[in-house]
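Each remark here refers to the structure printed beneath this line.
Please read these numbers as outputs of a predicted model, since none were measured by experiment. So that the names make sense, note that chain A is the first sequence line, chain B the second, and so on, each numbered from 1.
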Protein chains: 2
Amino acid sequence: MRLLVIGGVAAGLSAAARARRVDAGLEIAVLEKGSTISYGACGLPFYVAGRVRRAEQLIVYTPAYFAKERNIAVRTGARVVSISHPRREVVLDGGERVHYDRLVIATGARPRPADPAIAALPQAFTMHTLEDAERLKRFLSEKRPARAAVIGAGYIGLEAADALRRNGLAVTIVEQSPHVLGRDDAALTATVRQRLERFRVELRLGERAQGVERYDLVILANGIQPNVELAAGAGVELGRTGAIRVDERMETSLAGVYAAGDCAEAMHLVTGRPVHIPLGTTANKMGRVAGANAAGRRARFSGVAGTAIVSVFGMGVAFTGLSGAQARQEGFSPVAARITARSRARYFGGKPITVELVADGGTRRLLGGSVLGEDGVAGAINVIATALHHRMRVEELDDLDLAYAPPFAMVWDPVLIAAQQLSKMV
Amino acid sequence: MRLLVIGGVAAGLSAAARARRVDAGLEIAVLEKGSTISYGACGLPFYVAGRVRRAEQLIVYTPAYFAKERNIAVRTGARVVSISHPRREVVLDGGERVHYDRLVIATGARPRPADPAIAALPQAFTMHTLEDAERLKRFLSEKRPARAAVIGAGYIGLEAADALRRNGLAVTIVEQSPHVLGRDDAALTATVRQRLERFRVELRLGERAQGVERYDLVILANGIQPNVELAAGAGVELGRTGAIRVDERMETSLAGVYAAGDCAEAMHLVTGRPVHIPLGTTANKMGRVAGANAAGRRARFSGVAGTAIVSVFGMGVAFTGLSGAQARQEGFSPVAARITARSRARYFGGKPITVELVADGGTRRLLGGSVLGEDGVAGAINVIATALHHRMRVEELDDLDLAYAPPFAMVWDPVLIAAQQLSKMV
């Protein structure tokens, strides 16, 4: 009985590792097309920024580790070009055929294609793989560019802007949509804009990337798209979002074939609808579930809230669930409360922290929230995310028994202050 | 219609302020026996440590503020000596009688009495009021004590030890029970002991305070007890814990008489039984509920999880719900998982963080947890506390969609790692 996993980064390796824990006797092989596995792609901007010294520091595990510690065979440079499910085999680019009994597709995602004229510029870079980041680092040290354009104001775009600014470049971000981070949230966008301007980064929203060839450096960060071609070619059904459709067990439309990570959809906890929100945390969780099921245990994935956090020049910007505008688009009657409080006692370095909570006016159910500030942001968004998992109502949030002591918090946690404000409005 | 509140600190003022928001026309008066109101008692150790410069910085509101901004009459130096509920009046120590229609008792708590011989020592101090802290500060600067004994290893005892050590004193903590922080948790006690020893504070557990007269300074921090005499004298029923018994609306056994804060019991979310866990956060929440009901709105308090956090020489020590030992005493079949992970990426200053989760083996329900570390402790304990509010089961914790980015967190949050570990055990 052989479990084959296509893809050796977050979801693929989580699936393989989990499958091994479920079944010590299973034959498990991982095929990775790149030359490295298990790298922390989320760390790439910090390598460019200079905070991570060597690219190898971002590699968590090696194939040798998996072979020795987990009895999992990981092959790098193994590019799968097709899957033949009727024959239960995949074909590598050299023509080699590899048999499977169960298959996990964890093919990840790739940068959304840019305008070909821009992509062809010698000074254009993506920031998706270790190699991308190393190329960019070399370019920075050899060419000493002075002015950079970043195309896209998602996580990667914002983190790239931060990293380049720390390298001394003048930075302009150009984003086609009217908001940052793919979140339809005017207040959040305004706060991020202020922060960027304070660090003299120009933010141009609702604009196409015209004239970027005049910049010394161009970062292509206009989002990513799922790698679904292999799956689609094998007859695996795709969802409305374009990513691979899976059930709560991470099984695709083909029995015995699972998908997980950036190539797959997940159920949104608030809307109950499939979404494609490619993030490392989710990839790992989906991978675990896929691996458990592929190895014969029944496991289910309850879904995602879309929780995310990004640092914009030292300010944490976090959100979970739906913004007010997104909630309206989904057919809710959103009511939102936005408050600014202090993260902890002033004499322990407390900073202003802004919390917005969104609830449905009809049912009083919490739908989402955002947190912005220089301190305490991750903790606050995680409380809201946890509340979302349980479909908490506003008045229940009010009563949360959260920790307090002056070195850590204020007696009224900012989440509770926002909940009280919202209670008066719904 | 007059609402009278006895006590002008956390619960009393929260009740008065909430009542005002519910009913703009209500007559509201607060009687406080001390000379100041609304002080942050939790900040006292940091005033002694020197981090807070002036005691007045701990005062949040003044009577003038309440008069002007809230139309609430606050009298200081007004000591109530009895309550006559049949006549709906209270008697002050000068003999003055004050009428009420509704009454909120927020008489707080006081230090548990120490051995009279020790309490009478000229170098013995409590740390309960602003005046206590000011006396202690004067003693420190005038007498320059070299060796201190702290009686009690609760929050105040541990924070006092930290503050005195920062003042250069040699410190010994003597605690009668076998554990710190009133939490029957051997692992937590061991970690706190290590931390104390690293900062050369001696911790003597399971010992009575003998020979403390030989120390230059003695801090009496052997817990607090509720001020219930006034209530009991008026015929208000007390609970099994010795604090005032209340229903979920904070109403006592006398109709129209409410109690809130350190003098009252609250329902424990995990056990469903009344407990006396006097904390500032809880006092404020109970006060709000008492105030709302006293002003004619129906509000309920869902209870406490006993969430708390304390800094022990820069290490956060936090817990919520029940420890394993406490769970066993309450009739559960506890299973506990304890893991140590990293709070965030190493290159962003991540530190080791230890998370313990306790669940019931039969129902898989989460019962409590603890978190210890130098970073990320408040955020992690708040996620566990939020999960407790919803009676989450272990496998639900596993799926929480928590925020990740290297500056803030690891891709697997420590709470999730602990939940995975626990999943394998229950």
Between A:Phe46 and B:Pro406 the two heavy atoms that sit nearest each other are CE1-CG, 3.6 Å
Honestly, the part of B:Phe348 sitting under 4.5 Å from a heavy atom of chain A is both
Looking only at B:Val415, B:Val304, B:Leu388, the option with the highest number of non-hydrogen pairs under 4.5 Å against chain A is B:Val304
Assert top hit (heavy-atom pairs under 4.5 Å, partner chain A, pool B:Arg344, B:Met410, B:Lys285) equals B:Lys285
Rounding to 0.5 Å, atoms CD (A:Glu395) and CZ (B:Arg300) come to a distance of 9.5 Å
Here the gap from A:His390 atom NE2 to B:Met392 atom CE, rounded to the nearest 0.5 Å, amounts to 3.5 Å
Greatest number of non-hydrogen atom pairs under 4.5 angstrom with chain A, of B:Leu397, B:Val411, B:Leu402, falls to B:Leu402
Most contact-rich option vs chain A, by heavy-atom pairs under 4.5 angstrom, among B:Ala378, B:Ser311, B:Gly376, is B:Ser311
Pair count under 4.5 Å, heavy atoms only, with chain A: among B:Asp413, B:Ile384, B:Val383, highest is B:Val383
Bottom line for A:Ile277: the part with an atom under 4.5 Å from chain B's heavy atoms is neither
Honestly, the part of B:Ala318 sitting under 4.5 Å from a heavy atom of chain A is neither
One option among A:Lys424, A:Arg346, A:Gln57, A:His389 has the most heavy-atom pairs under 4.5 Å with chain B, and it is A:His389
| said: Looking at A:Arg51 and B:Tyr347, would you say the former's side chain and the latter's main chain have a donor-acceptor pair under 3.5 Å? | reply: yes
When the 4.5 angstrom heavy-atom criterion is applied to A:Ala345 and chain B, the contacting part is neither
- Message: Tell me whether the count of non-hydrogen atoms from other residues, nucleotides or ligands lying under 6.0 Å of CZ in B:Arg21 goes above 12.
- Response: yes
When rounded to the nearest 0.5 Å, the distance separating CG of B:Leu269 from CG of A:Leu400 is 9.5 Å
CG (B:Asp399) and CZ (A:Arg288) are apart, to the nearest 0.5 Å, by 9.0 Å
Residues B:Gly316 and A:Phe408: closest non-hydrogen pair is CA-CZ, 3.5 Å
In this structure, CG of A:Leu279 is separated from CG of B:Asp401 (nearest 0.5 Å) by 7.5 Å
Pair count under 4.5 Å, heavy atoms only, with chain A: among B:Gly303, B:Gly280, B:Pro407, B:Gly379, highest is B:Pro407
OG1 of B:Thr282 to OH of A:Tyr404, rounded to nearest 0.5 Å, is 12.0 Å
Most contact-rich option vs chain B, by heavy-atom pairs under 4.5 angstrom, among A:Asn284, A:Val52, A:Ile381, is A:Asn284
* Return yes if some donor-acceptor pair links the side-chain N/O of B:Asn382 with the main-chain N/O of A:Ala403 below 3.5 Å, else return no. => yes
